[in-house]
Each structure stands twice: as structure tokens, then as C-alpha cells.
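Heads up, the thing below is written out as C-alpha cells.
In what follows, chains carry the letters A, B, and so on, assigned in the order in which the sequence lines appear, proteins first and then strands, with residues in each chain numbered from 1. Bear in mind the structure is a predicted one, so any value in this text is a computation, not a measurement.
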2 protein chains.
Amino acid sequence: MTEQTERPVKKRRKGKGKTSVTLDDVAAHAGVSRSTASLVVRDSKLIPKQTHKRVRASMQALGYVYNQSAANLRTQKTRTLGMVIADISNPFYAVLASGIENECGDKKFMTIFADTAESVEQESRIISRLIEHNVAGAFLCPSGENSAKNLEALEKAGIPVVLIMRYLEDISASYVGPDNHLGLRMLVDHLAGKGHRDIAYIGGPPRKSSSRERYEGFLSAMKRNDLEVKDSNLRASAISRAAAMSEALELLQREDRPSAIICYNDVMAFGVMLAMLKCGLTPGKEVAVVGFDNIPESSLWTPSLTTVSIDAQNIGRLAAAELLARISDPDRQRQRIIVQPTLIARESS
Amino acid sequence: MTEQTERPVKKRRKGKGKTSVTLDDVAAHAGVSRSTASLVVRDSKLIPKQTHKRVRASMQALGYVYNQSAANLRTQKTRTLGMVIADISNPFYAVLASGIENECGDKKFMTIFADTAESVEQESRIISRLIEHNVAGAFLCPSGENSAKNLEALEKAGIPVVLIMRYLEDISASYVGPDNHLGLRMLVDHLAGKGHRDIAYIGGPPRKSSSRERYEGFLSAMKRNDLEVKDSNLRASAISRAAAMSEALELLQREDRPSAIICYNDVMAFGVMLAMLKCGLTPGKEVAVVGFDNIPESSLWTPSLTTVSIDAQNIGRLAAAELLARISDPDRQRQRIIVQPTLIARESS
DNA sequence: GAAGAATGTTAGATCGATCTAATTGAAATG
DNA sequence: CATTTCAATTAGATCGATCTAACATTCTTC
């Protein structure tokens, strides 16, 4: 049998000439094996810098582009994270995302954002897709209670998850969120310090963990300050200016109207302020109003709104750090990271 | 040589039992070939529904998870888009992103977001990474002039690009953005209609395409209305409240102060309003102020701000539609899609 | 009933990087 | 000098889906 020196001429694709340069091509050009070239792209210390330089030069010369897809298949890993958010258009999440980017960006991780539009089915569809994409980890801002199932799917697929802002009971994921309890204590203490004794609370929808925590925080802070909580001063409302406004109107039109109103968040506080204007009251004068979140508008209103600030950027950074840690050490204990809020005292109180 | 009936027993990985179920497993379970199973996952019409159902059942039974990475390698394609933004924390981009999600979400495309933090080097690093990831297409909100190079890299890699908001000359990418020219005409017409004759313009940084367009729009609209443009009434400023405020102070303290001021955008208009308050003037009374963008705050200020609204959500949707079209038809002509702004007349004018 | 079309299915090669285990040659050791 | 150790390199298998080209069957059609 004659050795036909059959060189398996690298098949150039199609007519287009649009072949991608592979590690094989680089290796041939540099006079090394593909294995060596592979070690070079990954900056392995097994390769002496002599060889390293030569191979890098070949890459440059040929216009080599690393093929992530191939690497992903082989290693059964990706350097991609998933971020599942209820509503991207909410500026809070935008800032959160920037915190995450900030922490992950340089670490060669890319982030896939997906919007569930507050729907659990949508969320589950997105999560299956993230699993198919084999993301290295995921941030999750749960849509509702039953997203527990979705979360399980992720964990079962071996994908570490960090919950943000909304906590889910009985779930073994990490969590990063604000200390709602403390936030409310700050507000109550602040108002009590200003001499307010008759404080009302307009809370958010009770199904959310943050609603519950803030509500409980309010009650316990009132108790600490030896202040009475009248049942008539406790209200729940949807998270919208309009809803809060109608709640506030009822409170304000009473004979014994409260001297201060704490709201679940800033948006609702704006509703309350509008209600006051309607009643001919000046927020911060006859009745104090305070909110929660410190969204950008809160400094712009007249009067400006006293509120509690939770640093979304910071939460994003912490969540990212935690997720990256879990990724590099899968056996790492799940953390529950609580971020301290800060009181921003302004004119409305 | 005895045939050892060596069945290459499917290698179950590691001790963990954490093997992934592959199409081979599904095929074996359903009693078909891998090829058939593959056609089934992709809902090919070549497969009769009888077989389809059986294979699907096997997938269900085995807990099969589609491996995107493998498909990506084989097909040399991904169903991933890249979105490169200068600053995610800007709420405008958040809304834009939600528009994009809205349009792409159901089409099985996922979007990778990346923040360039307004840096061109960062941008170029991100773009190489997107190319390595082999994204099917990309949205790009250019950081500056020299991002032209980055854009070329994408186009050279055969990745269709849609520019958003900021246009780059001499570049063959699609573009979606507002009609800045028309927007300014609307503002000028509006003010002229109210009887203003002495109108000042505080523009943005001249390097940006939108700055130039709005500036030119202003000039041409003034001409159309037969209004004189005083040089002293033309100013440029950085995009910040403070910068615009100091520009406005100079304008307002003049003997012949203008009766109306048009600002490059809303943020700067707020600065101008603050300057007026400082001078003891009421915006909308002695002097009118108008902005551009219609950011959420503009309805909240007192007085509320007259402005021109560009629908970010809509721009996102259009950009996504255009990108998807380019992806499915690479030879499609590049579009330049200009979105009509709308005038929002409020109290400040 | 033979030729052709249509339908359903499949074997085997393939995408491009990574990993394992092995090989080489040189240096170090006894 | 024989043996071990080490650094540098590499051949070949592998990840899991997709694609090409073919193979069986069954169904038409004249």
C-alpha cells in the first residue's frame, strides 16, 4: 500500500470564501499542534512565552476568532448569566442591572436579560430557555409565589440562583435584598423624633414578601416607640399613585386624621401628597408623608419627599458577587444578604 | 478475532449521576434514530404526528433538555442578540430594552445586554465578545465617533447591526431613531404660535449626531417662521441640569432676555427652570421653557414641562423588528427608520 | 406490473474547541 | 551510564445536535 501523502486539504466552505479560521488553521500557521494553540488562547502557563507569542502572532495574522459555541459544547459550561426581571422598564431594575454589569463585566461574563412581564408562565418559559442555554448562574426577581417551581427547575439543573428583592420561603437559593424591617424602623423613629404620635401606614399588596416585612417592621417600630397603632390607620393599597391617593383621601377626611403617613413606597407617597393638595393640606406641614425606595423623582417634588433609600446599584453588585462566588464554588453555603437602607430626610416630614 | 459484541455502553458521567440526557437517549427510548429525534425537537413537518408524539413522550419521560450549545456549534448560528448600551441605568434605555424584549421575546431570541459605560475601549471589548459568542444580530447605541471601527468589526463578521438613537455617518447599518429635525420644528412652531418671537436655544454637546440634528432643526424651523436667530441666543451646554442652569442664568440676566428657551432635552430644561426660580421668574409666565424627550419627571415638575416625546418603547420595537428582518434576510436593504415625535404641551409654555 | 413519486427514516460525517493520556527530549539524579 | 523528573508538546477522542445523502416502503399512474 503506497503512502499517498494524502493531505486532507482543509475544506474551505461554499463559494463565499466565508470560512471561519479555526484553531487548526492557527496551529498549522504557527507550526504547532491544535492542542498547543488551544492552550495559548486560554493563556495557559504550560506554554512558554516564546511559543505563546508565536501562536498569538499567527492568530493575529489569520484573523482568528474564538468560537465560544464550540468551547461551550466541549466544556459543558458557559460564561453567561441569566437575569430574570418582572419589568425591565422599571428604572429600579435598570440601576440594579448596572450594578450587576459593574461587577460581572470584567470577569468575562455576559448577561442575558429577560422580562417576564410579571407573568409566571412567561417566567417559566424564559427559565427553560436559560437552562437550555446552560447559563452558569441566574439572578431572579420572582414574579409571584408560584415561581418557586421555576426556581426549583434552575437549581435542579445545577444552576446557582440569587434571588433579588423578593424572597421566597423554603427555597435554598441565595438572597440579596434590603432590610425592610429596619427601613420602617428608621421612618417611624424619624417621625417619632419629630413629635408625631398618630402615625398611619399605607401598605402594599400583602402577597409580596416585602409588603409583609415592611408591615411587620412598622408594627414593631411603633411598639418600640410606645406608640399606639389604630386599626383605622392601617391600610393596604395597590402599588400605584391613584390607589394610594384614594386611600389617603379617606384617612385625611376623618376628624381624627393622623399627623403622619408612612407609605409602602415612594410612588404611593406621591399619591398621598396629591390627596393632600386636594384637601388643601401642605405635605410636611399639617401632615407629614414619607415613602420608601428613594426613586429619582422623590427629590424633585415640592415638597421633596422624605424616604428610605435602598441602593440598587449596590444590591446589584452584591448579588453579582454572590452569584460568581457560588459559580466558582458550587458547594458554597447559600447566603442571605441583607442591605442596610439609609434614611433620606427631606421637606415632606 | 472474536467479535466481542462490544456495546459502547453510553458513558454515564462521574459519580454524581449528573448525566445529561441526549437525543441519543431519547431516540433509543422511543425506538427511532437520533436523526428522527432531532427532527422532532425542531417540530419538523417531515415527521408524522404519530412518531412525533411518541418521541415527545420519551423526552418527557427522560427529562430531556435541549442543548443549545451543541446546536449552536453545528449550525454556526445562535438565537442570541446583543444589545450594547452606553449606560443601562438611564431609564430611557430601560424602556427601550423593554420594547425590544416585547418584540423579540416570543420569537425565541434571547438578548445579551452589555454596558459600555460610555467608553469606546470597553465597547470594543464587548463587541469582540459578542462576535465570539456569534450573536445573530446586535443593537448598538454608539458611545462616540470612533465606534465606527467597532461597528465595522460586527458587519465584517456578518452580524447585522441596528443603530439606535445615535447615527454614524458613512456606515452601512440600519438606523432607528427619532426625527430630531421635526421635533424641533414642533417646538418652534408651538412657541411661535403662542406669539414668541425672541427664542433662545441651549443645545447639547456638538459631537453627537442628535445635537447637530436638533440644532439644525431649530435653525430651519426659525427660518420657516420668519424669526430672527440672535447669536447671543445660541448656546451649547453639557447634558446636565447644572450646566444648563449656568447657561440660562447668563441668558436671563441680559437686558434683552429671550421670551422663550428651547433646550436640547428635558434634563437641561429643568436646569433652566431652576435658573428662572433663582431669578425670581416663573417658568411659563415671563419666560417659556421647553424640552425634549418627555422623561417621566417632566410631568411632575411645577410647572409641568412642555416637551417633545419620543416613544422609547416604540423605538425598541421597531429596532427589534428591523434586526429580525435583517437576520432572516441578510441581503435585505438597510433601513433608516425615523420615528415621529409628538408634542406634549404643558404649563411651562 | 414497471417506473416514478412521495413518504418516513436513518447512518455517518461534521461543527471547533478541550481534555486525557501519552510522547518527546533535555536536565537532574544517583 | 541508567534512571528518574520535568517541561513542552501532541494525537485522538469527545461534547450533542444537525445535515447530507441515501435507503426502504408505500402509493401513483399509465
N or O in side chain of B:S33 less than 4.0 angstrom from C:dT10 OP1/OP2: yes
Proximal nucleotide (of C:dA17, C:dT9, D:dG16) relative to the A:Y66 side chain: C:dA17
Value in whole Å for how far the P atom of D:dC15 lies from CD of A:E132: 20 Å
Residue met sooner reading DNA chain D from 5', once A:K45 and A:S35 are mapped to nucleotides: A:K45
Protein-nucleotide distance (A:R34, atom CZ; C:dA17, atom C1'), rounded to Å: 8 Å
B:I159: which of B:L81, B:V135, B:I127 passes side-chain contact (heavy atoms from CB on, under 4.5 Å): B:V135
Rounded distance [0.5 Å steps], CZ in B:R336 versus CD in B:E322: 12.5 Å
For atom CZ of B:R54 and atom C1' of C:dG8, their distance in whole Å: 11 Å
Atom-to-atom span, CD of B:Q68 to P of D:dC15 - whole angstrom: 19 Å
Closest to side chain of B:V32, choosing from C:dT10, D:dA17, D:dT9: C:dT10
Below 4.0 Å: OP1/OP2 of D:dT9 and any side-chain N or O of A:T51: yes
Under 3.5 Å: donor-acceptor pair, side chain of A:N134, backbone of A:Q76: yes
Any A:T75 side-chain nitrogen or oxygen under 4.0 Å from OP1 or OP2 of C:dT18: no
A:L73 side chain, from C-beta outward: closest of C:dG16, C:dT18, D:dA17: C:dG16
Side chain of A:L46 (C-beta onward), nearest among C:dG8, D:dT9, D:dT18: D:dT9
Distance, rounded to the nearest Å, where A:R74 contributes CZ and D:dG16 contributes P: 9 Å
d(CG, B:N67; P, D:dT18) in whole Å: 9 Å
A:E132 bridged to B:K108 by N-O distance under 4.0 Å: no
Backbone of B:S38 reached by a side-chain donor or acceptor of B:R42 within 3.5 Å: yes
D:dT18 phosphate, OP1 or OP2, under 4.0 Å from B:S38 side-chain N/O: yes
A:R42 side-chain N/O to C:dC19 phosphate OP1/OP2 under 4.0 Å: yes
Axis-to-axis angle between the two ends of the helix from C:dG1-D:dC30 to C:dG30-D:dC1 (five base pairs per end, rounded to 10 degrees): 40°
Spacing of NZ belonging to A:K107 relative to CD1 belonging to A:I327, to within rounding of 0.5 Å: 11.0 Å
B:Q76 side-chain N/O to C:dG16 phosphate OP1/OP2 under 4.0 Å: yes
Worked verdict on B:S33 versus B:T36 for side-chain hydrogen bond (donor to acceptor under 3.5 Å, both in side chains): CA-CA 5 Å; B:S33 75; B:T36 302; 3.3 Å; yes
Touch class at under 4.0 angstrom, heavy-atom based, for A:S69 against every strand present: nothing
Exam field: side chain A:E103 to backbone A:A320, donor-acceptor pair closer than 3.5 Å: no
Integer-rounded Å distance: C:dT18 P and A:D24 CG: 12 Å
Nearest-Å distance for atom pair NZ/C1', residues B:K77 and D:dT18: 11 Å
